[in-house]
Number of protein chains: 2
Amino acid sequence: MFQHIAKQSISDTVFDQLTAKILDGELDAGETLPGERSLCELLGVNRGAVREAIKRLQQAGLVDVRHGGKTTVLDYLDHGGLELLPQLMITPEGKMRLEVARSIVSMRQSMAPDIAKACAQKRKAKHLQQMQSLLTQMQQTDDAKELQTLAFAYWRELVAGSGNIAYRLAFNSMQKAYDKIWSLLASVLEPELRDLDNLEKLTQAIAEQDADQAQHFASEYLLNGTNAMNAVLNAYGQAEIK
Amino acid sequence: MFQHIAKQSISDTVFDQLTAKILDGELDAGETLPGERSLCELLGVNRGAVREAIKRLQQAGLVDVRHGGKTTVLDYLDHGGLELLPQLMITPEGKMRLEVARSIVSMRQSMAPDIAKACAQKRKAKHLQQMQSLLTQMQQTDDAKELQTLAFAYWRELVAGSGNIAYRLAFNSMQKAYDKIWSLLASVLEPELRDLDNLEKLTQAIAEQDADQAQHFASEYLLNGTNAMNAVLNAYGQAEIK
DNA sequence: ATTGGTCTTCTGGTATGACCAGTTGACTAT
DNA sequence: ATAGTCAACTGGTCATACCAGAAGACCAAT
């Protein structure tokens, strides 16, 4: 499969650079940003690019900008939204932040069973069929990366089947974070990806509209990955991404 | 208490308008946006303002913009992050979207007990003290709105105490959504806000590092609001915000 | 009939330079 | 000590060029 090449515009670069400095603590909460005109000069770009970047920082809850005053850095832990996860996942030096990965794995383990429960209660035929089809495809492949692609598609359907829009949006945010460590995940999560037994039971439970069983098997299935990931995280310091 | 007046710049207005059109379905996924130059003319603003707005739409996962090609609308259910919640909460006409409110309430009920559990396991003195202090303040007031303010602060500390950064960011996103219906919430959640009994037990459980009890009482406490909210949501159609 | 160039004309991306509009703080008159 | 004033910041808006990728029409060559 081919996918569109993502090009980076100048304002994107400025945004990434500033975001990294803030999330990395190089720019601490309370500090003020250089003026837009100064930044232009420092970065060698025009003011429009800087403004586009700062507007995005503002939207991300990273800075507080006020007309006439200076732009100050906010504490992202108090003001940032879940969409920061992807950028938090990797340090500017390309290492993975352990506590971020741990947080996500833990959140996943906590939310997904409840989502599966909701999905089973609704039991929308449309999503159920997709899930069954994806499960079948998973049973017919042996490649870890392909399994992972299918697994993500499976969970996307399951989340959609829960009918809960907040879950869907949170899932999107989390997937963007996962994407940052895609290949690392494919190997670490392998025991989970190959536990098609529990995935089948989960699918079955949803088909039978058995909410409690769905919740149970979802939890069982995910525990594979949760444990594997925690083992890896405990074993390594800041892991290099491959 | 006074808080800074939020002024709306032109690009903010453009962003809000386009976002509303997309979330409301007026601009459907797959459709293309008018060119930047056309939009300038249509809206009677400068191109820079339009560009800042579109950059933000892009960041929010609402559009796909590519150099040389047209900007197309994406399906926010597949690409939007949790930070869309605040804008989804209210329709352009100022009504509350029931399914969004329901989704958030359900997500809260599912996540918070696990967060409380994690918080109890860590039992960070710093956050625990804050929580105890806030609880005391809550016990000394009778005003619903002030109770709500304190309750939010309490949960903010609890989430911080869980040591899970993903939870914190998700909490921030959800609070921004809550803020949109702040006054409505203060009345609907009143039974929860006044159930200081369970909140005290929760605090106690955390102090005693009793994770399971913390999880239990958090769930009990939140059920007040969950049930109240569901009752209201079932009773009304699209509620007016007051 | 298909493939691959090429040219025109769309689209978004970048760059200037000017000016408007709040904020801040130093200075001044009271 | 207070309140007014003003100059010098800051971000916000604007108009106008021009650069660069994409898309489609067109036209060869195969």
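Proteins come first, then strands; the chains are lettered A, B, ... in the order of their sequence lines, and each starts at number 1.
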> In whole Å, what is the span from the CD1 atom of A/I5 to the P atom of D/dA22?
Replying inline: 10 Å
>> Looking at B/E99 and A/R168, is there a salt bridge between them, counting it only when a charged N and a carboxylate O are closer than 4.0 Å?
In response: no
> In whole Å, what is the span from the CD atom of B/E52 to the P atom of C/dG13?
Replying inline: 13 Å
> Does any non-hydrogen side-chain atom of B/L128 lie less than 4.5 Å from one of B/Q132?
Replying inline: yes
> Does NZ in A/K176 sit with more than 12 non-hydrogen atoms of other residues, nucleotides or ligands closer than 6.0 Å?
Replying inline: yes
>> Whether B/D12 and B/R56 form a salt bridge (side-chain N of Lys/Arg under 4.0 Å from carboxylate O of Asp/Glu) is what I want to check.
In response: yes
> Between B/E41 (CD) and C/dT11 (P), how many Å, whole number?
Replying inline: 12 Å
> Atom CD of B/E36 and atom C1' of D/dC14: how far apart are they, to the nearest Å?
Replying inline: 15 Å
> Nearest-Å distance, CD1 (B/I10) to C1' (D/dC14)?
Replying inline: 9 Å
> For the salt bridge (charged side-chain N to carboxylate O under 4.0 Å, His left out) test, which of A/R47, A/K55, A/R51 pairs with B/E52?
Replying inline: A/R51
> Any side-chain donor-acceptor pair under 3.5 Å between A/E83 and A/S173?
Replying inline: no
> Between B/D16 and B/K21, does at least one N-O distance fall below 4.0 Å, as a salt bridge requires?
Replying inline: no
> Any side-chain N or O of B/N46 less than 4.0 Å from the OP1 or OP2 oxygen of D/dC14?
Replying inline: no
>> So A/G48, base contact, sugar-phosphate only, or nothing? Heavy-atom distance under 4.0 Å.
In response: nothing
>> Between P on C/dG12 and CG on A/D12, what's the gap in Å once rounded to a whole number?
In response: 15 Å
> Does any donor-acceptor pair link the side chain of B/R37 with the base of C/dG12 at a separation under 3.5 Å?
Replying inline: yes
> Can a side chain N or O of B/T71 be found less than 4.0 Å away from OP1 or OP2 on C/dG12?
Replying inline: yes
> Rounded to the Å, how far apart are B/Q8 CD and D/dG11 C1'?
Replying inline: 16 Å
> Nearest of C/dG13, D/dC14, D/dG12 to any side-chain atom of A/S9?
Replying inline: C/dG13
> Does the C/dG17 base have a donor-acceptor partner in the side chain of A/R47 within less than 3.5 Å?
Replying inline: no
>> Just the rounded figure in Å: distance from C1' of C/dA15 to CZ of A/R51.
In response: 15 Å
>> Can you build the contact string for nucleotides 22-27 of chain C? Use B for base contact, S for sugar-phosphate-only contact, and - for no protein heavy atom under 4.0 Å.
In response: BS----
